Asks: 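Sharing a structure, written as structure tokens. Questions coming.
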Amino acid sequence: MSGYGTESAAIVRAARPGTYRLGLVLGSGLGSLADEIEDAVRVPYTRLAGFPVSTVSSHGSELVAGTLEGVSVVVLSGRAHYYEGGGADVMRTPLETLKDLGCETVLLTNAAGSLREAFAPGTPMLISDHINWSGLNPLIGEESEDRFLDMSAAYDADLRDKLKARAKEEGIALGEGVYMWFSGPSFETPAEIRMAQVLGADAVGMSTVPEVILARYLGMRVAAISTITNYGAGLQAHALSHAETKATALTAVDALKRLIRGFVRDLDT
Ligand code: HPA
């Protein structure tokens with residue numbers, strides 16, 4: 001079972017020939033980083049084979065190939081989520097495309113709810129590990145033995161060290177913790193948030209986990225950063241909303257961009 005990665009990569013290569021080093025998946029609030037890519041070619045997802053177009057208002061729908069800090073990158077500005085159509089492998093073709101274009105590393109970003117007092121809204125959190133609470137898996141239906149994928153070091157330790165070192169240099173308070181995937185699109189209940197705390201999660205969200213599984217399956221190194229946009233349900237006085245997710249994500253965007261630029265510069269060190 002495979003998607004249309006080869007076809008889509010050929011379309012990107014025809015628009016901008018080259019080999020790429022790093023894939024960046026931009027979640028809520030980070031879309032403006034795509035505008036900072038230099039020597040860029042932008043390809044709308046509608047022109048790529050098998051690319052899902054996100055229905056989420058804070059997500060764009062284009063692939064941007066170019067350079068960032070002198071490194072060849074492919075940016076996926078906007079992602080699709082399981083909850084949009086019910087396919088856990090909805091990001092398979094986009095990730096295959098990154099792989100086919102030569103990206104050996106992928107940095108995934110998202111917005112997430114915090115389960116820890118110390119991780120206040122606006123804080124970036126490096127993901128150290130995840131809990132897949134959805135019961136879903138993008139590799140279901142895969143037939144090769146590769147489906148029995150080792151996930152014991154899914155979030156690359158070396159990449160995490162680089163991000164932590166860069167955050168320190170930049171004076172950015174970067175949390176680190178476990179991300180728990182809920183399918184969404186409704187937010188969690190307070191009881192579910194208490195359960196997530198008991199089970200060892202630090203943040204909850206509706207994306208990224210299936211992408212990490214797919215990226216590891218494809219043999220890419222993975223790093224992932226959440227922007228904490230709210231406290232989990234029941235941990236804050238007011239109701240949760242996507243409007244809050246979008247607005248708070250924007251407050252953290254400058255720090256996150258600095259962190260990502262530094263990370264890109266450090267890629268070879
Ligand atoms: N829960 C799930 N996903 C989220 C949240 C949340 O509280 N905040 C931002 N994305």
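Here the structure is a predicted model, which means the values were calculated and not measured. First listed ligand is number 1; within each ligand, the first listed atom is number 1. Computed from heavy atoms alone, side chains included, the values below leave out hydrogens, waters and symmetry copies.
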Asks: Within a reach of under 6.0 Å around OH of Y83, are more than 12 heavy atoms found that belong to other residues, nucleotides or ligands?
Replies: yes

Asks: Could you tell me the residue and atom name of the protein heavy atom closest to atom 5 (C) of ligand 1, and the distance to it rounded to 0.1 Å?
Replies: G113 N, 3.4 Å

Asks: On a heavy-atom basis, which atom in A154 and which in V212 lie closest, and how many Å separate them?
Replies: CB-CG1, 4.1 Å

Asks: Nearest protein heavy atom to atom 7 (O) of ligand 1, by residue and atom, and its distance?
Replies: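 For atom 7 (O) of ligand 1, the nearest protein heavy atom comes out as N230 ND2, 2.9 Å.
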
Asks: Pick one of side chain, backbone, both or neither for how A233 approaches ligand 1, counting any non-hydrogen atom pair under 4.0 Å.
Replies: neither

Asks: Does the plane of the ring in W133 sit parallel, tilted or perpendicular to the ring in F182? Use 30° and 60° as the thresholds.
Replies: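 Answer is tilted, since the angle falls between 30° and 60°.
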
Asks: Counting only heavy atoms, which portion of T245 has something under 4.0 Å from ligand 1: side chain, backbone, both, or neither?
Replies: side chain

Asks: In plain terms, say whether E36 and K257 are close enough for a salt bridge, that is, a side-chain N and a carboxylate O under 4.0 Å apart.
Replies: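 Counted as a salt bridge, because a side-chain N and a carboxylate O are separated by less than 4.0 Å.
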
Asks: Got a donor-acceptor contact below 3.5 angstrom from the Y20 side chain to the G66 backbone?
Replies: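 Checking the backbone N and O of G66 against the side chain of Y20, no donor-acceptor pair under 3.5 Å is found.
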
Asks: Starting from atom 3 (N) of ligand 1, find the nearest protein heavy-atom neighbour and note its residue, name and distance.
Replies: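 Here the closest protein heavy atom is G205 CA, 3.4 Å.
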
Asks: Is the Y82 ring parallel, tilted or perpendicular to the W181 ring (thresholds 30°, 60°)?
Replies: perpendicular

Asks: Out of D266, T105, V222, which one pairs with L159 under the side chain to side chain contact (heavy atoms under 4.5 Å, CB included) rule?
Replies: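 Among D266, T105, V222, the one that satisfies the side chain to side chain contact (heavy atoms under 4.5 Å, CB included) with L159 is T105.
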
Asks: Of all the non-hydrogen atoms in the protein, which one sits nearest to atom 9 (C) of ligand 1, and at what distance?
Replies: T229 OG1, 3.3 Å

Asks: Contact between F187 and ligand 1, counting heavy atoms under 4.0 Å?
Replies: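 Yes.
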
Asks: Should you measure from each heavy atom of L240, which atoms of ligand 1 turn up under 4.0 Å away?
Replies: 7 (O)

Asks: Any idea which protein heavy atom is nearest atom 1 (N) of ligand 1, and the distance to it?
Replies: E188 OE1, 2.8 Å

Asks: Give me the residue, atom name and distance of the protein heavy atom closest to atom 10 (N) of ligand 1.
Replies: A111 O, 3.4 Å

Asks: Heavy-atom distance under 4.5 Å between the side chains of M91 and R79, does that happen here?
Replies: yes

Asks: For ligand 1, indicate whether the residue N110 contacts it via side chain, backbone, both or neither (heavy-atom separation under 4.0 Å).
Replies: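 No part of N110 comes within reach of ligand 1.
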
